[in-house]
Structure formats: C-alpha cells, structure tokens
Amino acid sequence: MATRTGRLLGWMAAAWAAILFMGAGLRVLADCSSFGLPFTDLGSTNFCAQIAEAYFAGLTNGTSATTYEPSANVPREQMAAFVTRTLDQSLLRGSSRAALDQWWMMTPHYDKASLGLTSVGSSPVRLKSDGADVWVANFDDDSVSRIRASDGKNLGTWTGAAGAVGVLVAMGKVFVVGASTPGSLYMIDPAGSPGAVTTVASNLGNSPEGIAFDGNKIWTANVGGSVSIITPRSSTPWTVATVTTGFTGPVGIVFDGSNIWVTDQTAGKLFKLDSAG
C-alpha cells in the first residue's frame, strides 16, 4: 500500500511539474544547453526550466558570462536585486497599460528629443491629478492649467487665481490656494469650460501654500504663520477659521484619515492637529 501511495504521489508531483512548465511555455529537458543558456556549469540539473525563465526574463545574469554557480550562496545584496527585479516584472506583467506599451518601469531607451513637452503657464509649481487629468498651478500667471494625462494635451487654462500655488482635488471640484496677503481659496468646476476661477474665500492666513481635505473641511498651511480651516457651504464666501498659536511658518499639510499633519519649515517641527486645529 505504501509503495502504491508513493508511486501515486510521485506521479502527481510529476504531473503538476509538467503543467507548471507547460504553463510557462518551457520544455522539461535534462540538458540545460537545450534551453539556449550560456552557462556551462549547470550539467543536468532538474531546474533548467526555472533558471532559463529567470535568465531570459532578466531576473538573473549568472556569476559570469558562462557560469551560473547553482550551488553558490546568495548574499543579501544580491537577493535584494533578485527580489526587486521580480517585483518589477510582476508589475509589468500585471499592468494592461504596460502590456500596451503605454508606460514603463524604467527610463525609456529612445532619443529624448522625440519626447513631447506640454506648455503650461509661467512658473508652474504644484500639481495634482484627478485620476484622468493633471491640474497645474502657475504662480506667475495667476492661472491653472488642465493637462490630459494620457497624451499631455493642454485642455485649457483657468485664470484669476492670484499667486496660484497649492492644488487640491475634492468633492468633485478643483481647489487652488493663492499665496497672497491675506490668502485666497479658488474653486474650479471640472465639468465647466475654461474661464475664470471662482473665489470661495479671500480671508485665509497670509501666504497659504499647502492644502488638504479631511472629508468635511479644507485646510491650508500658511507660510505667514498660521493654519486656516475652511468650511464649505452652498453660498460664498465660505467660513474661515485661522489658527495662529504655536505656528511660525507652516508649509506642508496632509490628512491621514484621523488627524491633520503640518510641517513648520521655520520652526523645524511637525505638528499633529485635531479637528479643531
């Protein structure tokens, strides 16, 4: 009985191995040279198929042009290279965009002169994607450019955003802060045609740059030494509460799902704020 069971298990293992190798598009052969490998030290190992797939996929190059050293130990630094190459290959194979050659995991190998460049406004600074387009704040032009991400086409420019710097996509709209004194918050309806932005608040703290959304309110980090909390409502102007205590020169701001975090460049500190700031 034990012999029959052992034979059965052996047959099942061989069958699964054949299925796996066939699925990989590789033949199961005893002689590794039949796979076209350049390595002369593999002999008749049972892992020719795996080695060949790893080699031709670019995951491993062997230890020299003609040696693989199948029994050699793998240092941690080499293991890191194997793992990251494998991860890159997995991402490439699992991406429909990569399969269509629409994006790459590495620097493209073609003349940079053939790359298309998109012209936006003067002094473009920060930008944000809404999932389909990229919105660029043009500081010197007091404008916002909408760029189609798929091909880089400029879809239009919204004007009137004085000192446009920080961009936020939230509630189906695009918001831009203007680094003025006092600061302003502008709104763009992506469903509308390019034109003038809508001013929803003009009494933010001085020189706002960073902008974030916590699901209910919009927050801005104001380099002038404060954080502003804007409450959206059906009519404008929107209500603004500005907190100054403890701040010197806030710049960056982000919401983590529970709290607002603010970097204070002048003070060299990171602040964690509750819903009241």
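Sequence positions, counted from 1, serve as the residue numbers for this chain. Note that the coordinates shown come from a computational prediction; the quantities given were computed from them, not determined experimentally.
- Under a hydrophobic clustering in which Ile, Leu, Val, Met, Phe, Trp and Tyr are joined whenever their side-chain heavy atoms come within less than 4.5 Å, directly or via other members, Trp238 and Val240 fall into the same cluster.
- Proximity of Pro208 to Val223: side-chain heavy atoms (C-beta onward) are nowhere separated by under 4.5 Å.
- In this structure, Thr263 contributes its side chain and Gln265 its backbone to no donor-acceptor pair below 3.5 Å.
- Using a 4.5 Å cut-off between side-chain heavy atoms of Ile, Leu, Val, Met, Phe, Trp and Tyr, with links allowed through other members, Val125 and Leu204 fall into the same hydrophobic cluster.
- Side-chain N or O atoms of Asn154 include one that pairs as donor or acceptor with a backbone N or O of Gly156 at under 3.5 Å.
- Under 3.5 Å, the side chains of Ser64 and Thr67 contain a donor-acceptor pair of N or O atoms.
- The backbone N or O of Gly166 lies less than 3.5 Å from no partner atom in the side chain of Arg126, so there is not a single donor-acceptor pair.
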Mind running side-chain contact (heavy atoms from CB on, under 4.5 Å) on Asp256 and Trp261 for me, showing each step along the way?
CA-CA 8 Å; Asp256 70 358; Trp261 296 80; 2.8 Å; yes
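- With rounding to the nearest 0.5 Å, the separation of CZ in Phe213 from CH2 in Trp219 is 12.0 Å.
- In this structure, the side chains of Phe39 and Tyr55 come closer than 4.5 Å at one or more pairs of heavy atoms.
- By the criterion of side-chain heavy atoms lying less than 4.5 angstrom apart, applied directly or through intervening Ile, Leu, Val, Met, Phe, Trp or Tyr residues, Val243 is grouped together with Ile260 in one hydrophobic cluster.
- Of all non-hydrogen atoms in Ala267 and Thr248, the two that sit nearest each other are CB-OG1, 3.9 Å.
- Rounding to the nearest 0.5 angstrom, the gap separating the OG1 atom in Thr60 from the CD1 atom in Ile51 is 9.0 Å.
- No side-chain donor-acceptor contact under 3.5 Å links Ser226 and Asn206.
- Remark: Ile229 CD1 to Thr242 OG1 distance equals 8.0 Å, nearest 0.5 Å.
- Hydrophobic cluster membership differs between Leu155 and Val134, with clusters built from Ile, Leu, Val, Met, Phe, Trp and Tyr side chains linked at under 4.5 angstrom.
- The OG1 atom of Thr118 sits 5.5 Å away from atom CD1 of Ile147, with the distance rounded to the nearest 0.5 Å.
- Hydrophobic clustering (ILVMFWY, side-chain heavy atoms < 4.5 Å, transitive): Met171 and Leu168 are in one cluster.
- Contact annotation: the side chain of Asp264 approaches that of Phe271 to within less than 4.5 Å [non-hydrogen atoms, C-beta and beyond].
- Asp140 places no side-chain N or O within donor-acceptor distance of the main-chain N or O of Ser123, the cut-off being under 3.5 Å.
- Applying the side-chain contact (heavy atoms from CB on, under 4.5 Å) criterion to Asn138, with sequence neighbours excluded, gives Val120, Pro124, Val136, Asp141, Ser143, Ser145.
- Val262 and Pro250 make their closest contact through CG1-CB, 3.7 Å (heavy atoms, listed as atom of the first residue, atom of the second, distance).
- With hydrogens and angles ignored, the 3.5 Å screen pairs no side-chain donor or acceptor of Asn259 with any backbone N or O of Lys272.
- When all heavy atoms of Pro182 and Ser202 are compared, the pair lying nearest together is CG-O, 3.5 Å.
- Two residues are said to be in side-chain contact when any heavy atoms from C-beta on lie closer than 4.5 Å; Thr66 and Pro38 fail this criterion.
- For Gly205 against Ser228, the heavy-atom pair with the smallest separation is N-OG, 3.0 Å.
- Under 4.0 Å is where a charged nitrogen must lie from a carboxylate oxygen, and between Asp133 and Arg148 no such pair does.
- Distance CG/Leu59 to CZ/Arg85: 7.5 Å, rounded to 0.5 Å.
- Trp158 contributes no side-chain N or O that, together with a main-chain N or O of Val144, makes up a donor-acceptor pair within less than 3.5 Å.
- Between Pro70 and Leu42 there is a side-chain heavy-atom pair separated by less than 4.5 Å.
- Side-chain contact between Phe175 and Ile230: absent, with no pair of heavy atoms (C-beta onward) separated by less than 4.5 Å.
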Run Thr199 and Ser184 through side chain to side chain donor-acceptor pair (under 3.5 Å) and show every step you take.
CA-CA 7 Å; Thr199 302; Ser184 296; over 6 Å; no
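- The shortest side-chain heavy-atom distance between Val200 and Tyr186 does not fall under the 4.5 Å cut-off.
- Residues Ile218 and Leu185 meet the side-chain proximity criterion, which asks for heavy atoms closer than 4.5 Å.
- How far CG of Leu273 is from CZ of Phe247: 4.5 Å, rounded to the nearest 0.5 Å.
- When all heavy atoms of Ser207 and Thr181 are compared, the pair lying nearest together is OG-OG1, 4.0 Å.
- Closest of all the heavy-atom pairs between Val167 and Lys128 is O-CE, 3.5 Å.
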